[in-house]
Amino acid sequence: AKEELAKERLVLFSGTPCQIDGLKGYLRGKTYDNLLTVDLICHGVPSSKMFQDYISDLCVKLGGQVIGFEFRDKTAGWGLNGKITYVKENKIISKSLPCSDSSYYSLFLESAIYRESCYSCKYANENRVGDFTIGDFWGIEREHPEYLKNMNIQKGISCMIVNTNHGRIMLKELCPGIKLLSSQYEKAARGNAQLNRPSVKSKKRSMILDLYKTGGYEAIEKWYKKSRGIKYCTDEKINSSKVEDENKKDIESLVARKLGSVLLNRKQWPLLLCLITLLWMLAIFLLSSQNGEQTAKASGGLAQTIAG
């Protein structure tokens with residue numbers, strides 16, 4: 001970045017607040033008109049090695065090579081859904097990944113795997129270090145319901161906080177390409193706790209780190225699966241005609257499991273017997289009604305014959 005700044009090229013540097021501050025320290029406090037810094041609303045930063053070990057564990061379980069991992073996939077709308085893209089048998093496969101189906105994603109959201117320094121982060125407050133701060137505007141439906149009339153919330157809505165005069169000047173140049181609506185810091189902060197305080201350390205953190213030290217990420221994965229009893233969601237194979245058949249089989253399997261669970265649960269037997277009895281009585285009633293109609297028609301026809 002320093003070399004590009006010296007060439008008087010416009011540089012946009014984005015990252016966590018501590019990374020922005022690190023750059024400023026490297027530049028020894030010198031200001032550049034051609035430098036624009038953007039910090040993120042950051043929960044915390046886990047170990048990069050742990051993430052790589054998680055990806056390696058996924059590769060083994062999927063039987064392929066992971067080539068992409070997205071923490072915010074909006075295929076199903078704005079939320080906490082991830083997405084894995086991997087290659088298996090020369091096919092590119094896309095797998096939707098709700099956060100609850102991913103041990104790493106869930107533990108990240110639970111503040112259980114951040115670096116120790118993140119829990120006392122000095123940047124998690126109103127005094128931001130970037131020219132801009134960006135993040136999701138969680139809770140906008142409560143803070144600004146009037147804005148949602150002409151907006152598609154499924155695509156997601158971001159908040160942008162202008163922190164410096166340099167940022168204000170640059171924003172004027174960016175305005176034509178951005179749809180901006182005014183708000184207040186307090187409203188954005190109500191849905192983003194790390195605009196007010198650092199993340200609170202999870203009580204599970206020590207146990208999880210001990211598992212990682214002794215058994216690698218596989219030990220964390222086994223513990224997570226056992227504690228939640230979850231499975232990965234169905235593959236969505238790109239350019240594959242088998243998707244509908246696989247989904248149909250999944251639905252049939254789910255119905256069979258649900259029906260089996262009802263039959264095996266003795267506490268629900270009385271309810272099941274009552275349901276069967278009602279269905280039996282309804283069937284008799286319908287048969288009786290049909291027989292009555294047929295008898296009436298036959299009687300009418302006989303009367304006409306006699307009259308003739």
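Hydrophobic clustering, with ILVMFWY side chains joined whenever heavy atoms are under 4.5 angstrom apart, groups Leu62 together with Phe69. In the hydrophobic clustering of this structure, Val162 groups with Val38; members are Ile, Leu, Val, Met, Phe, Trp, Tyr whose side-chain heavy atoms approach within less than 4.5 Å, directly or through other members. Linking Ile, Leu, Val, Met, Phe, Trp and Tyr residues whenever their side-chain heavy atoms come within less than 4.5 Å leaves Ile134 and Ile20 in two separate clusters. The hydrophobic clustering, which links ILVMFWY residues whose side-chain heavy atoms are closer than 4.5 Å, places Leu109 and Phe137 together. Linking ILVMFWY side-chain heavy atoms closer than 4.5 Å, directly or via other members, places Leu40 and Ile113 in two distinct hydrophobic clusters.
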Yes or no on salt bridge (charged side-chain N to carboxylate O under 4.0 Å, His left out) for Lys201 and Glu116, after CA distance, side-chain angles and deciding distance? CA-CA 9 Å; Lys201 186 188 301 184; Glu116 184 64 37; 2.8 Å; yes
So Thr164 and Ile169, side-chain contact (heavy atoms from CB on, under 4.5 Å) or not? Walk me through it. CA-CA 9 Å; Thr164 65; Ile169 295 172; over 6 Å; no
Decide yes or no on side-chain contact (heavy atoms from CB on, under 4.5 Å) for Asp210 and Arg205, but give the supporting numbers first. CA-CA 9 Å; Asp210 286 341; Arg205 184 174 182 270; over 6 Å; no
CA sep, side-chain torsions, deciding dist, call: Tyr54, Ser102, side-chain hydrogen bond (donor to acceptor under 3.5 Å, both in side chains): CA-CA 10 Å; Tyr54 167 65; Ser102 167; 2.7 Å; yes
Steps toward side-chain contact (heavy atoms from CB on, under 4.5 Å) verdict (Ile93, Val87): CA-CA 6 Å; Ile93 302 172; Val87 178; over 6 Å; no
Walk me through whether Phe132 and Arg168 qualify under side-chain contact (heavy atoms from CB on, under 4.5 Å). CA-CA 9 Å; Phe132 297 118; Arg168 293 183 185 90; over 6 Å; no
Starting from the C-alpha separation in whole Å, work towards a yes-or-no answer on salt bridge (charged side-chain N to carboxylate O under 4.0 Å, His left out) for Glu218 and Lys222. CA-CA 6 Å; Glu218 185 178 359; Lys222 287 181 179 179; 3.6 Å; yes
Intermediate values then yes/no, salt bridge (charged side-chain N to carboxylate O under 4.0 Å, His left out), Lys149 and Glu141: CA-CA 10 Å; Lys149 296 178 182 178; Glu141 67 279 3; over 6 Å; no
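The NZ atom of Lys24 sits 10.0 Å away from atom OG1 of Thr31, with the distance rounded to the nearest 0.5 Å. With rounding to the nearest 0.5 Å, the separation of OG in Ser183 from CD1 in Ile140 is 7.0 Å. The distance from atom CG of Leu195 to atom SG of Cys42, rounded to the nearest 0.5 Å, is 11.0 Å. Here Cys59 contributes atom SG and Lys88 contributes atom NZ; the two are 11.5 Å apart, rounded to the nearest 0.5 Å. Taken from OG in Ser182 to NE2 in His144, the straight-line distance is 7.0 Å, to the nearest 0.5 Å. To the nearest 0.5 angstrom, Asp131 atom CG is 12.5 Å from Phe13 atom CZ.
In this structure the side chain of Arg190 reaches within 4.5 angstrom of the side chain of Glu143, judged on heavy atoms. A 4.5 Å side-chain heavy-atom check between Arg228 and Trp223 finds every atom pair outside the cut-off. Within the 4.5 Å cutoff, side-chain heavy atoms of Leu181 are placed close to those of Met151. Using a 4.5 Å heavy-atom threshold, the side chains of His166 and Leu35 count as separate. Within the 4.5 Å cutoff, the side chain of Pro46 has heavy atoms near those of the Tyr114 side chain. Put simply, the side chain of Asp136 reaches to within 4.5 Å of the side chain of Trp78, judged on heavy atoms. Using a 4.5 Å heavy-atom threshold, the side chains of Lys95 and Val66 count as separate. For the pair Lys83 and Leu97, the minimum side-chain heavy-atom distance is 4.5 Å or more.
The two residues Cys118 and Pro198 have their closest heavy-atom pair at O-CB, 3.7 Å. Taking every heavy atom of both residues into account, Tyr224 and Ser106 meet most closely at OH-OG, 2.8 Å. In terms of heavy-atom proximity, Met50 sits nearest to Leu209 at CE-CD2, 4.1 Å. Gly64 and Tyr86 get closest at one heavy-atom pair: CA-CD1, 4.4 Å. Scanning all heavy atoms of the two residues, the minimum distance from Ala76 to Gln154 falls at O-OE1, 3.9 Å. Residues Tyr185 and Glu126 come closest through the heavy atom pair OH-CA, 3.1 Å.
The aromatic rings of Phe108 and Phe71 are tilted relative to each other, their planes meeting at an angle between 30° and 60°. Relative ring orientation between Tyr217 and Tyr104 is described as tilted, the plane-to-plane angle lying within the 30° to 60° band.
The environment of Gln184 atom CD is dense: over 12 non-hydrogen atoms of other residues, nucleotides or ligands sit within 6.0 angstrom. Heavy atoms of other residues, nucleotides or ligands lying less than 6.0 angstrom from CG of Asp33 number 12 at most. Other residues, nucleotides and ligands contribute over 12 non-hydrogen atoms within 6.0 Å of the CD atom of Glu146. For Asn152, the CG atom counts as densely surrounded, since its 6.0 Å shell holds more than 12 non-hydrogen atoms of other residues, nucleotides or ligands. For Arg9, the CZ atom sits in a loose shell: 12 or fewer heavy atoms of surrounding residues, nucleotides or ligands are nearer than 6.0 Å.
Looking only at atom types and distance, the side chain of His43 has no donor-acceptor partner in the side chain of Ser111 under 3.5 Å away. Between the side chains of Asp39 and Tyr123, not a single donor N or O lies within less than 3.5 Å of an accepting N or O.
Results of the side-chain contact (heavy atoms from CB on, under 4.5 Å) test with Pro17 over Thr133, Val129, Asn125, Ile41 single out Val129 as the only residue that passes. Evaluated for a side-chain contact (heavy atoms from CB on, under 4.5 Å) with Glu221, the options Leu58, Leu211, Asp57, Asp53 yield exactly one hit, Asp57.
Judged by the 6.0 Å and 45° rule, Lys2 forms a cation-pi pair with Tyr26.
Not one N or O on the side chain of Lys204 forms a donor-acceptor pair closer than 3.5 Å with the backbone of Ala112. Side chain of Glu173 to main chain of Met170: no donor-acceptor pair is present (N/O by atom type, distance under 3.5 Å, no hydrogens or angles).
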